[in-house]
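Below is one structure; the comments refer to it alone.
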Amino acid sequence: MSFLSKQNKTTLTEPLNLNNPIVAQVLGICSALAVTSQLKPAIVMGLSVTIITAMANVVISLLRKTIPNRIRIIVQLVVVAALVTIVSMVLKAYFYDVSVQLSVYVGLIITNCILMGRLEAFAMQNKVLPSLLDGIGNGLGYAWILVVVAFFRELLGNGTLLGYTVIPQSFYDLGYQNNGMMTMPAMALIIVGCVIWANCAYNNRKK
Amino acid sequence: MSKKLNTNSNLYIIIYAALMVVIVAFLLAFVSKALQKKSDANVAIDKKAQILSSLNLRDIDKDQVEAKYAEVVKQEDDSDDTPIYICKVEGQTKYVVPVSGMGLWGGIWGYVGINDDGNTVYGSYFSHQSETAGLGALIADQPFQDQFKGKKIFGNDGEVALSVVKVGKKIEGLDAQSRCDAITGATLTSDGVDQMLKACLSKYKNKLAHEAQDTTATKVIK
């Protein structure tokens, strides 16, 4: 089996577009609303979810033949919670600033539906390598949607990107105002809706 | 020869669960113990950086925090429940007192830097556990903290007057000198900051007055 056989490639790339966890499966929405008011936390959250889904998928895939069917959800939850806790402890020791940023999201990562969804739907039935790719693919699929939503929310809500002001003062002098609504979670839902619409339109046209 | 393991038997499930819990517990305990020294050091540096921030010494490189802290903070007094840090910034004595309280979702805390009159705010720093990003979390940003500069902590009656109040709200007897604006859309977090300041700073009433007298006294002698 080659590393990137056709099937593995599909496993990795499908969640980016056609089977995107947010856009197509509509999973992980609540965390997507919570962390997208600014670009930086969205990127941090996207990357952490990618790492955790990949790792959890690998662990569960390794254990899949031994896990008793009746307590499988508990086992998955323990694996995810243990991984997240370990990662956050390592970050605290080596990348303190990132861990401070992340501390709010640790709970959100553990309860993220995407993780449980992938473990249950994919890692329980598949070998280690495809599970790893599936985890990375789904994590990145989640991350890019978060980044797109956060881009618009931060730009229109605060006039900044990654904390740097990008809308020139002359715009404000002409009467332009930041849209405070954008910082509210409700607008995140609307932007996610727009992204889903754009994505569907794109995919339908390709067909 | 080997019989396939029945993963659905009760015995297997119980042993599996027990083993899993023990392994995970050991793993977590081991990682936590192994990294404790390093993360404790990070927490200590972060605390020092926060204290420096309350003296308007912000964005100091992580490697230089220790040196700067040693240069600025002359005396740490945390013997009782009212710890105070006595500092010297640009030749002037400043006091830093820690404050902590409750925000909307979790704990909030901070440090207030005070001039040597024991009344005027020199700078402030606030942070939070899990306030809403973009709203309550703004208390950790500089614009919110900067408005405390130059405000008076104690009113004419000697009680803590420093308040965080909604823009435009009228409060009887509240001097503009002690008034800071709340964050729009984050009323509960702002109220939390308000209550935190009142509760924590009132404990320092006598101590600050005492310290202020001391400095005036030494000035006279010198």
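Just so you know, these numbers come straight off a predicted model, no measurement behind them. Here is the naming used below: chain letters follow the sequence lines, and residue numbers restart at 1 for every chain.
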Subject >> Segment of A:T66 engaging chain B (4.5 angstrom heavy-atom cut-off) >> reply: both
Original post:
For chain B, which of A:A93, A:A82, A:A81 has the most heavy-atom pairs under 4.5 Å?
Top reply: A:A93
**OP:** Under 4.5 Å heavy-atom distance to chain B, tell me which part of A:L91 shows up: side chain, backbone, both or neither.
**Re:** neither
Original post:
Which residues from residues 17-31 of chain B are near chain A, with near meaning under 4.5 Å between non-hydrogen atoms?
Top reply: B:A17, B:M20, B:V24, B:L27, B:L28, B:V31
Subject >> Interatomic distance, A:K92 atom NZ to B:K38 atom NZ [nearest 0.5 angstrom] >> reply: 14.5 Å
**OP:** Please confirm whether the backbone N or O of B:I13 pairs with a side-chain atom of A:R70, one donor and one acceptor, at under 3.5 Å?
**Re:** no
**OP:** Heavy-atom pairs under 4.5 Å with chain B are the metric here; pick the option from A:V90, A:V75, A:T85, A:I74 that has the most.
**Re:** A:V75
Subject >> CZ/A:F95: more than 12 non-hydrogen atoms of other groups inside 6.0 Å >> reply: no
Subject >> Closest non-hydrogen atom pair between A:Y96 and B:N42, with its separation >> reply: CD1-CB, 3.3 Å
**OP:** May I ask you to check whether over 12 heavy atoms, not counting those of B:K152, lie within 6.0 Å of atom NZ?
**Re:** yes
**OP:** Count the heavy atoms belonging to other residues, nucleotides or ligands that lie under 6.0 Å from CG of B:N8, then report whether that count exceeds 12.
**Re:** yes
Subject >> Heavy atoms from other residues, nucleotides or ligands near CZ of A:F152 exceed 12 (cutoff 6.0 Å) >> reply: no
Enumerate donor-acceptor pairs with a distance under 3.5 Å from any side-chain N or O in residues 63-73 of chain B to protein atoms, sequence neighbours excluded.
{"unit_1": "B:E66", "atom_1": "OE1", "unit_2": "B:K48", "atom_2": "NZ", "d": "3.1"}
{"unit_1": "B:Y69", "atom_1": "OH", "unit_2": "B:E76", "atom_2": "OE2", "d": "2.9"}

Subject >> Crowding at NZ, B:K166 (>12 non-hydrogen neighbours, <6.0 Å) >> reply: no
Subject >> Portion of A:V79 that has a non-hydrogen atom of chain B nearer than 4.5 angstrom >> reply: neither
Original post:
Would one find more than 12 heavy atoms of other residues, nucleotides or ligands at under 6.0 Å from atom OH of A:Y94?
Top reply: no
Original post:
Got more than 12 heavy atoms from elsewhere within 6.0 Å of CH2, B:W109?
Top reply: yes
